[in-house]
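Written below as structure tokens is the structure these notes are about.
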Amino acid sequence: MKKARRLLTVASAAAAAIATTVGLAPAASAAPDPILASPYLYQWEGQTSPTAAMDATGVKTFTLAFMLSDGGCNPKWDGTRSLTGSDKTMIDNIRAKGGDVVPSFGGWSGTKLGAKCTSAAALAGAYQKVIDAYKLKAIDLDIENTDEFENNTVQDRILNAVKLTKAKNPGLRVVITIPTEVSGLSATGKRLVNQSKVIGANIDAWSVMPFDFSSGGDMVGKTKSAVDGLKNHLKSTFGLSDDAAYRKSGLSSMNGKTDNAGEVVSVANFKSIRDYAASHHLARFTFWATNRDCNNCAGISQGKYDFTKVVAGYTG
């Protein structure tokens, strides 16, 4: 692989030289896919320098957590920080290095916009404030808290808001991230997928969180089982082929020790999960979180950014 990469580099340099000789500008580098390989970063906990991670690993994009309610139907980082403060500076710094971001709405803790905004139109307006503030190409809706995930009315409000938002922003990509069981989606998760079809909310990628299952076991096997279950439900719901359903599926793992005692995702596990994701061309491969990606930060022995490096190398 190293030799092949070197040959490609030499060939690219030669092509650029030829283009210059004949008066043509070299082709611009493609913009990074904001959802494909985009590790979560919780900006104010642990390692918080995305540009340092970019320099160390080659990663280009981050999923920034979390966009919450300020107590009403108004989005703020963690429910407290404005859209124009230090978070914007951080986003500008990432983009200045050729990267991009995906703000994540929701998460487990805090007050959720889906619950506080009383209509789909109001919720779409909250999404739009963030889209406009950062000229976004994609957003992640992390629907796991009971106020959003377990509430059918709020589920439908979110999906209708997505439909409105996508109509107003052609080309915007939307990821929905949800919990999973080992066998795949729970009944609640299946309802969310089914309702997306009924409502006509065009979700670009469905991403499951294959962890917090039990006290341990084969996390590679459990992850594969969970994503296969997601794929099967997308296949049957939308009438897709296996390949097409995998290409709308994704996963967000957790590095090191998870929230459940005894459950661990090692670096070796994560590489095997990456290989599985690549074999099926999953739309999204990520983890929680780059903040925890250093020696002992996630309760295991590892090198700094070992998990982020694995994500950085994922090309779908």
Side-chain angles (χ1 to χ4, degrees), residues 30 32-40 59-61 63 102 104 137-144 149 159 162 166 171-213 217-255 265 268-288 307 310-316:
D33 182 336
I35 69 172
L36 181 67
S38 184
Y40 281 84
V59 71
K60 290 292 186 181
T61 61
T63 304
V102 184
S104 183
K137 299 175 184 174
I139 58 174
D140 172 50
L141 306 180
D142 187 324
I143 306 173
E144 57 176 303
F149 188 60
L159 293 171
V162 169
K166 294 201 78 171
L172 180 76
R173 300 170 71 196
V174 176
V175 180
I176 287 185
T177 302
I178 49 178
T180 184
E181 298 174 351
V182 173
S183 59
L185 299 180
S186 66
T188 304
K190 288 178 179 178
R191 181 198 182 276
L192 185 63
V193 171
N194 296 343
Q195 283 297 101
S196 75
K197 180 181 180 182
V198 171
I199 290 169
N202 179 21
I203 307 305
D204 297 277
W206 294 88
S207 185
V208 291
M209 295 179 283
F211 55 87
D212 289 358
F213 290 133
D218 177 10
M219 291 304 289
V220 176
K222 289 181 178 183
T223 297
K224 291 179 179 180
S225 175
V227 177
D228 285 346
L230 168 66
K231 179 270 298 184
N232 289 336
H233 190 67
L234 295 178
K235 177 183 178 180
S236 62
T237 301
F238 297 104
L240 301 173
S241 67
D242 283 312
D243 179 64
Y246 274 123
R247 289 174 186 267
K248 287 183 73 71
S249 303
L251 68 93
S252 177
S253 188
M254 188 171 184
N255 57 317
V265 178
N269 291 159
F270 198 54
K271 289 179 178 178
S272 295
I273 293 168
R274 183 269 320 278
D275 293 343
Y276 160 80
S279 71
H280 293 298
H281 310 291
L282 297 189
R284 183 162 166 83
F285 171 65
T286 183
F287 75 103
W288 179 271
F307 287 83
V310 176
V311 171
Y314 183 69
T315 59

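Residues V175 and W206 have side chains not in contact (no heavy-atom distance under 4.5 Å, counting atoms from C-beta outward). In this structure the side chain of W288 never reaches within 4.5 angstrom of the side chain of S253, judged on heavy atoms. At a threshold of 4.5 Å between non-hydrogen side-chain atoms, the residues V198 and L159 do not count as touching. The shortest distance between side-chain heavy atoms of R173 and P34 falls below 4.5 Å. Side-chain contact between M209 and I178 is absent, with no heavy atoms from C-beta onward closer than 4.5 Å. At a threshold of 4.5 Å between non-hydrogen side-chain atoms, the residues S207 and F285 do not count as touching.
Residues T177 and D140 bring a donor and an acceptor atom of their side chains to less than 3.5 Å of each other. No side-chain N or O of D275 forms a donor-acceptor pair with one of Y314 less than 3.5 Å apart. Using modelled atom types, one finds no donor on one side chain facing an acceptor on the other under 3.5 Å when comparing R274 with S279. Checking H233 against N194 by side-chain atom types alone, a donor-acceptor pair falls below 3.5 Å. A side-chain donor-acceptor contact under 3.5 Å links T63 and S38.
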_Test side-chain contact (heavy atoms from CB on, under 4.5 Å) on Y246 and D228; report intermediate values, then the result._
CA-CA 8 Å; Y246 274 123; D228 285 346; 2.6 Å; yes

*Assess whether side-chain contact (heavy atoms from CB on, under 4.5 Å) is satisfied between L141 and V162, documenting all intermediate values.*
CA-CA 10 Å; L141 306 180; V162 169; 3.5 Å; yes

*Test side-chain contact (heavy atoms from CB on, under 4.5 Å) on L251 and T286 and set out the steps.*
CA-CA 6 Å; L251 68 93; T286 183; over 6 Å; no

_Test side-chain contact (heavy atoms from CB on, under 4.5 Å) on L282 and V227; report intermediate values, then the result._
CA-CA 9 Å; L282 297 189; V227 177; 4.0 Å; yes

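A side-chain donor-acceptor contact under 3.5 Å links K248 to the backbone of I203. Panel note: side chain S225, backbone K222; no donor-acceptor pair is recorded below 3.5 Å.
Closest approach of F149 to T188, counting heavy atoms only: O-CG2, 3.0 Å. Closest approach of P32 and T61 over heavy atoms only: CB-CG2, 3.8 Å. When all heavy atoms are compared, the tightest approach of L185 to K190 is O-CE, 3.5 Å. Across every non-hydrogen atom of A226 and E181, the tightest pair is CB-O, 3.5 Å. Of all the heavy atoms in A245 and L234, the pair that sits closest is O-CD1, 3.9 Å. Closest heavy-atom contact between S104 and D142: OG-CB, 3.6 Å.
Atom NZ of residue K224 and atom CG of residue D218 lie 8.0 Å apart, to the nearest 0.5 angstrom. For the atom pair R191 CZ and S186 OG, the distance stands at 12.0 Å (nearest 0.5 Å). Once rounded to the nearest 0.5 Å, the distance linking OG of S272 with CE of M219 reads 13.0 Å.
The existence of a salt bridge linking D33 and K137 is excluded, since no basic side-chain nitrogen approaches an acidic carboxylate oxygen closer than 4.0 Å. A salt bridge links D243 to R247: one of the charged nitrogens lies within less than 4.0 Å of a carboxylate oxygen.
The salt bridge (charged side-chain N to carboxylate O under 4.0 Å, His left out) pairs that include a residue from residues 194-212 are K166-D204, where partners are two or more places apart or lie in different chains.
Under the 6.0 Å cut-off for aromatic ring centres, F287 and F270 qualify, their centroids lying closer than that.
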